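Okay, so here's the structure we're looking at.
Read the numbers this way: they start at 1 and go in the same order the structure lists the ligands and their atoms. Because the structure is predicted, anything quoted here is derived from the model rather than measured.
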Amino acid sequence: MSEKTKGELLKEQLLLDPKHGAEVFSQEKLEKAFAFSEDYKKFLDRSKTEREAVSSAVAMAEEKGYRPFDPKTHYQAGDKVYWNNRGKSLILAVIGSRPLEEGVRIAASHIDSPRLDLKPTPLYEDSQIALLKTHYYGGVRKYQWTALPLALHGVVVKANGEKVTVTIGEDPGDPILYISDLLPHLAKDQAKRTLEDGIRGEEMNLIIGSLPIDDEKVSDKVKLNIMRLLNEKYGIVEQDFWSAELETVPAMKANDVGLDRSMIASYGHDDRVCAYTSLMAELECGTPEVTHVTILADKEEIGSVGNTGLNSSYFNYFILNLAEAMGANGRIVLSNSTCLSADVNAAFDPTFPDVMERRNCTYLNQGVGIMKYTGSRGKGGTSDASAEFMGQVRSMLNNAGVLWQVGELGKVDQGGGGTVAMYIASLNVDVVDIGVPVISMHSPYEVVSKIDVYSAYEAFKAFFEEK
Ligand code: MN
Ligand code: MN
């Protein structure tokens, strides 16, 4: 072996040296990462909506000894609680041995994903086909949702108050729903539309049936037949759509991508990849020194609005209630707390390099990504972590041997995005964005790397366990 030159040594000492996770992970760790991804895929398939993600998480938490949070209880170190906010967002916490007023550690992700919600009065018949009108939710590229197997998930509240859960298109043998697109032969005019306008909101109509009811005396026989079938299966009538939340999501299941099986394609990695990894870290901790809190939030994709989104006071109330029950001052608790705002980032995609600034983006297989700030076009709307907090997070990740990288979303003037970070920061908590790089983010079938998924899990574990 030849000695290293002065330049080589200097380079090692002074310069960044990004590495592929496969070069850094031991064989054992790589196997762990792949095994971890098997469970993650199962979680994805049973948690396609925010409500399903909450149900999955509550079941997992109860198995680990978590109990519903009671603001009147004085909790002890090691106690595990959860607060289910309306079945659509969830807060979990493990009480630490150190005083609450020293602050808590928060991991906050979201469990809603872009999708197509049904309109309030969705069902109609046209030309002897029964269809459902949709209103898309979140940043959807509409043209991506046609000619795909789609499933319907959600709840319907009937006139008597009974709540029915609807799932169509998931079980093997289940029929699926479908949004049509034009054949190329007749798409001359449509092809001239811009990509943004290629499929319009009012063209996203779900085909749900085409057989008429056998009765000459009534009109809209196909619609009536579908309503009859829905009534048989769920006991619902047309007005019940007015008190329902029905979400159209891709019917596809999570799958490995690549002959080396290094990646996973699925609907809703954004942001279940951070939700699942932080949840697993949360559930696996014993009695920590510092109380840690995991938030699975709703409504991030439409601006964290509503009482299940993080712009609501529910997280603030949870901390204030916990503090009160334990004889601590909630404002002091929050002011001393730190948070990893866990949300995905865009991965560099060699097919579309122009939107990225190569020196400052995140790459597949280089680990979990830290974003000092998000926002768009001049940091608009970001909470921008301080150098001091970045320093803390940096040593925490380095000490724990986590594979991590730092990046921005894309080119400065290209666009941008926001996360829940700013809503937590507004409670005087130190916050930084962290997340897994994603290819084709917000599409019906997104891609992440198994190495990055596992690195995210390790990052949350290190954050919760740090002394
Ligand atoms: Mn997200
Ligand atoms: Mn998103």
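- We find that E282 and K64 are not joined by a salt bridge, their nearest charged nitrogen and carboxylate oxygen being 4.0 Å or further apart.
- The Mn ion (ligand 2) lies at 2.8 Å or more from every N, O or S atom belonging to H110.
- The Mn ion (ligand 2) lies closest to atom OE2 when only the N/O/S atoms of E301 are considered.
- Backbone or side-chain N, O or S atoms of E300 do not reach the Mn ion (ligand 1) at under 2.8 Å.
- As for D270, its N/O/S atom nearest the Mn ion (ligand 2) is the one called OD2.
- Shortest non-hydrogen contact noted between V344 and M441 is CG2-CE, 3.7 Å.
- A cation-pi arrangement, defined by a distance under 6.0 Å to the six-membered ring centre and an angle within 45 degrees of its axis, is present between K29 and F25.
- Within D343, OD1 is the N, O or S atom that lies nearest to the Mn ion (ligand 1).
- Within 6.0 Å of atom NZ in K253, more than 12 heavy atoms from other residues, nucleotides or ligands are found, so the atom counts as buried in its surroundings.
- In this structure, R115 forms a cation-pi arrangement with Y137, its terminal cationic atom sitting closer than 6.0 Å to the ring centre and no more than 45° off the ring axis.
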